[in-house]
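The basis for the numbers below is simple: all heavy atoms, side chains too, and nothing from hydrogens, waters or symmetry mates.
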Amino acid sequence: MVRLGFIVGLIGLIGLLLSGGAAWRVYHQELAIDRIAFARAVDVHASLVQDRLTERELLARVASGLFRAPAAVKANMLQPLRSSIYAFKADFVVAAWIARLKPGEFAAAQRALADESFANSVIRDFDDRPLDVRAIDKPVNVLMDLEPRNAETVTWPGRVLDSHSIVGPTLAKVLAEGKPVASDPFTLLRKEGPLGIVLAAPVLQDGTQPAGFVTFSYEIGPLMLANDDSSLFSVRLRNLNLPGKELVASEQGVVTERAISGEGPAPSISRTVSFGGRDWLLAYYAKHNALQRAQQTAGIVAAIGLAITGIICGLFGYVVHNNLRLSREIEVRIGFERRLTAVIDELNHRVKNILAVIQSIVTRTLRHGADVDVARELLIGRIHAMSNVVTLLSESQWQGVGIRGLFESRAIPHADRITIEGPDIVVSARAAQSLSLLFFELASHSDEGLSVVGKHPHVVARWETTGEGPESVFHFRWEEFNTSEATRRPDSDFGLILLDRVAPEALGGTAKRYFTEVSYVYELTAPMETVVDMNERDRTEQLSAPLR
């Protein structure tokens with residue numbers, strides 16, 4: 001009996017030790033997994049918030065860059081921007097043009113506001129009180145145009161914003177620093193409106209003199225990306241310029257401001273993001289108690305171990321099985337994190353390429369003192385062409401675009417007079433961007449010249465492939481009939497660079513253009529392996545494939 005008791009006691013001791021060891025291991029593994037998942041989710045969220053803020057700040061810079069020597073007294077300055085700013089799919093509440101008017105410009109500004117049929121064309125204080133403009137002896141900032149125009153915003157133009165407690169100091173800071181600046185949070189649209197911030201960018205006249213500001217107001221909730229019920233954390237935004245206060249978003253995305261309580265729990269992790277020339281602190285709080293959940297899991301394992309101490313082999317097998325299961329979960333989570341990192345890197349690479357192309361388009365279109373109206377139309381058209389190809393690539397999950405889709409009328413002017421001939425080849429994302437700009441540049445000049453008999457040019461776009469395998473070659477020919485060198489408008493500097501160098505080099509081929517007796521011809525020849533680019537397609541398919 002003593003021996004049996006000793007054996008039972010020994011088995012019980014072994015079971016107790018094994019159960020305690022298993023509980024301890026599960027406890028620490030669950031804690032480690034939760035901490036890794038939480039930290040990774042925070043890093044991804046902070047990176048997405050920073051990318052979103054950077055994109056909005058870039059929109060403000062691009063918008064202000066489109067204004068070259070503007071007339072400050074105009075009340076429709078946003079007209080050339082209305083289609084462009086929506087192409088960025090920005091979630092601004094109100095976009096506005098704020099002119100910096102000199103005392104002698106008030107009368108002209110009031111006439112411009114009246115011509116635009118705003119509710120009140122009188123220059124007045126921000127609180128809609130009368131303002132004696134004759135007593136003003138220095139430039140003031142007046143709201144002249146905004147988007148969208150609706151019943152809630154049509155009464156705003158004509159107000160002087162210098163007296164606004166938030167916007168006024170923000171505009172003064174923009175003038176002092178000469179770059180986009182974000183305001184402190186305040187309610188937008190009305191007193192009970194959503195909490196948001198205003199991003200103001202300076203518009204310089206003749207490159208040096210401040211003519212006014214382009215502003216975009218945003219709700220804070222979407223910028224924080226806080227309305228996510230399934231996330232592992234809740235996030236609060238703290239303005240480092242206003243210590244002692246923080247912005248909290250509810251599950252419905254409503255943001256409120258409250259004082260920071262010293263009695264509450266400290267944030268689990270903090271991250272800093274930059275926007276509008278200032279730093280903002282994102283404080284992350286875990287929604288679930290990882291320590292309590294790990295303790296519960298460890299307690300369950302210990303209870304199971306103590307219940308089956310009589311069958312030490314089964315207990316050992318269970319521990320081994322449990323460890324293998326946890327190890328597989330860790331491997332799966334690590335694989336998911338690596339996959340997510342690769343997808344984010346690929347997305348950042350493509351977004352940077354697109355932004356670089358757009359920056360090049362804006363810079364080269366507006367340089368060399370080009371005519372503002374012509375440059376504006378070309379710039380908007382080129383951005384529309386880029387937007388169209390990005391939409392087509394998004395619909396195909398960036399796995400290529402049929403070349404016929406690049407000739408849609410929404411992106412190519414005079415598409416109804418273009419006859420297209422050739423197989424619908426699926427070209428790579430990089431080739432699609434180059435060809436889209438190339439087709440727009442050719443089509444935008446096809447209606448400029450008229451023949452002697454007064455006929456519009458008839459355009460034929462034809463392409464074909466020759467050869468097989470790695471030796472196959474892509475041939476493209478653009479021919480405009482009823483035109484000549486005397487009637488066709490010369491290509492712009494950007495157009496010549498695109499036709500002769502950028503598009504051929506991007507496709508690894510050659511190009512030439514010339515006039516025949518009856519037509520204008522542009523020919524492009526490139527290897528099919530660069531036009532199709534199977535390496536890029538394979539990489540995209542791997543990133544979009546389900547995770548195993």
Side-chain angles (χ1 to χ4, degrees), residues 45-67 78 81 84-85 88-100 126 141 143 146-147 161-162 164-189 193-204 210-226 235-249 255 257 270-283 348 351-352 355 358-359 362:
H45 181 271
S47 176
L48 291 176
V49 170
Q50 182 62 75
D51 289 345
R52 191 176 185 87
L53 296 177
T54 302
E55 180 181 320
R56 269 89 189 133
E57 191 166 342
L58 177 63
L59 172 60
R61 291 180 182 275
V62 172
S64 63
L66 291 178
F67 287 85
L78 293 181
L81 282 177
S84 300
I85 58 179
F88 279 85
K89 298 180 175 62
D91 51 356
F92 63 87
V93 178
V94 176
W97 160 245
I98 301 173
R100 187 165 179 80
F126 176 78
N141 302 313
L143 179 63
L146 46 73
E147 173 68 23
L161 301 181
D162 298 79
H164 191 277
S165 59
I166 303 296
V167 178
T170 300
L171 298 180
K173 189 174 181 181
V174 173
L175 284 178
E177 298 183 2
K179 62 181 181 179
V181 172
S183 70
D184 291 328
F186 68 100
T187 54
L188 304 175
L189 298 177
L195 200 63
I197 56 179
V198 170
L199 179 65
V203 176
L204 303 180
F213 313 87
V214 176
T215 65
F216 295 89
S217 59
Y218 298 97
E219 290 190 44
I220 293 181
L223 291 180
M224 294 169 57
L225 300 176
V235 59
R236 301 174 188 176
L237 182 66
R238 297 179 181 178
N239 183 1
L240 298 181
N241 292 349
L242 299 175
K245 294 185 179 181
E246 64 182 5
L247 303 174
V248 182
V255 178
E257 185 179 61
S270 298
R271 294 288 185 270
T272 301
V273 294
S274 300
F275 180 58
R278 63 176 61 189
D279 293 333
W280 306 77
L281 183 68
L282 295 174
N348 287 336
V351 169
K352 288 179 181 177
L355 292 179
I358 293 177
Q359 183 179 7
V362 173

K.L.:
Compare every heavy atom of Ser183 with every heavy atom of Trp280, then report the nearest pair and how far apart it is.
P.N.:
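Shortest heavy-atom separation between Trp280 and Ser183 comes out as CH2-O, 3.7 Å.
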K.L.:
Would a 4.5 Å heavy-atom cut-off, applied to side chains only, mark Phe186 and Val167 as touching?
P.N.:
yes
K.L.:
Measuring from atom CD of Gln50 to atom CG of Leu282, what distance do you get when rounded to the nearest 0.5 angstrom?
P.N.:
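Here the rounded value is 9.0 Å.
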K.L.:
Closest heavy-atom contact between Leu59 and Tyr218?
P.N.:
CD2-OH, 3.9 Å
K.L.:
Looking at every heavy atom in both Glu219 and Leu188, which two are closest together, and how far apart are they?
P.N.:
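Nearest pair, atom of Glu219 first, then Leu188: N-CD1, 4.3 Å.
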K.L.:
Specify the closest pair of heavy atoms between Ala60 and Leu199, including all atoms of both residues, with the distance to one decimal.
P.N.:
CB-CD2, 3.7 Å
K.L.:
How far apart are the closest heavy atoms of Ser270 and Ala283, and which atoms are they?
P.N.:
OG-CA, 4.3 Å
K.L.:
Only pairs under 3.5 Å count here: list side-chain donor-acceptor contacts from residues 168-178, not counting sequence neighbours, and write none if there are none.
P.N.:
residue : atom : partner : partner atom : Å
Thr170  : OG1  : Ile166  : O            : 2.8

K.L.:
So, using side-chain contact (heavy atoms from CB on, under 4.5 Å) as the criterion, who are the partners of Phe126 when residues are at least two apart?
P.N.:
Leu161, Ser163, His164
K.L.:
When you compare the side chain of Asp91 with that of Arg52, does any pair of heavy atoms fall below 4.5 Å?
P.N.:
yes
K.L.:
What pairs with Glu57 under salt bridge (Lys or Arg N to Asp or Glu O under 4.0 Å), at least two apart in sequence or on another chain?
P.N.:
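Counting only residues at least two positions away or on another chain, Glu57 forms a salt bridge (Lys or Arg N to Asp or Glu O under 4.0 Å) with Arg61.
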K.L.:
Measure the CG-CH2 distance between Leu146 and Trp97 for me, rounded to the nearest 0.5 Å.
P.N.:
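Interatomic distance, Leu146 CG to Trp97 CH2, rounded to 0.5 Å: 13.5 Å.
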K.L.:
Treating Ser217 as the side-chain partner and Val94 as the backbone partner, does any N or O pair qualify as donor plus acceptor under 3.5 Å?
P.N.:
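Judged by distance alone, yes, a pair lies under 3.5 Å.
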K.L.:
If we check side-chain contact (heavy atoms from CB on, under 4.5 Å) with Leu237, which of these qualifies: Val248, Val255, Ile220?
P.N.:
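That would be Ile220; it is the only one of Val248, Val255, Ile220 passing the side-chain contact (heavy atoms from CB on, under 4.5 Å) with Leu237.
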K.L.:
Which residues satisfy the side-chain contact (heavy atoms from CB on, under 4.5 Å) test with Asp162, sequence neighbours excluded?
P.N.:
Val140, Asn141, Val160
K.L.:
Looking at CZ of Arg56 and CG of Asp51, how far apart are the two atoms once the value is rounded to the nearest 0.5 Å?
P.N.:
10.5 Å
K.L.:
To the nearest 0.5 Å, how far apart are CD1 in Ile197 and CZ in Phe216?
P.N.:
13.5 Å
K.L.:
Could you pull out all residues at least two apart from Arg238 that satisfy side-chain hydrogen bond (donor to acceptor under 3.5 Å, both in side chains)?
P.N.:
Glu246, Tyr285
K.L.:
Can you name the residues that form a side-chain hydrogen bond (donor to acceptor under 3.5 Å, both in side chains) with Thr272, not counting sequence neighbours?
P.N.:
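So Thr272 forms no side-chain hydrogen bond (donor to acceptor under 3.5 Å, both in side chains) with any residue.
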K.L.:
Please identify each residue that fulfils salt bridge (Lys or Arg N to Asp or Glu O under 4.0 Å) with Asp279, with sequence neighbours left out.
P.N.:
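If we apply the salt bridge (Lys or Arg N to Asp or Glu O under 4.0 Å) test to Asp279, skipping adjacent residues, there are no hits.
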K.L.:
Whether the side chain of Thr215 engages the backbone of Val198 through a donor-acceptor N/O pair (distance < 3.5 Å, no angle test) should be reported.
P.N.:
no
K.L.:
Would you give the length of the straight line joining atom CZ of Arg278 to atom CG of Asn239, rounded to the nearest 0.5 angstrom?
P.N.:
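Taking CZ in Arg278 and CG in Asn239, the distance rounds to 5.0 Å.
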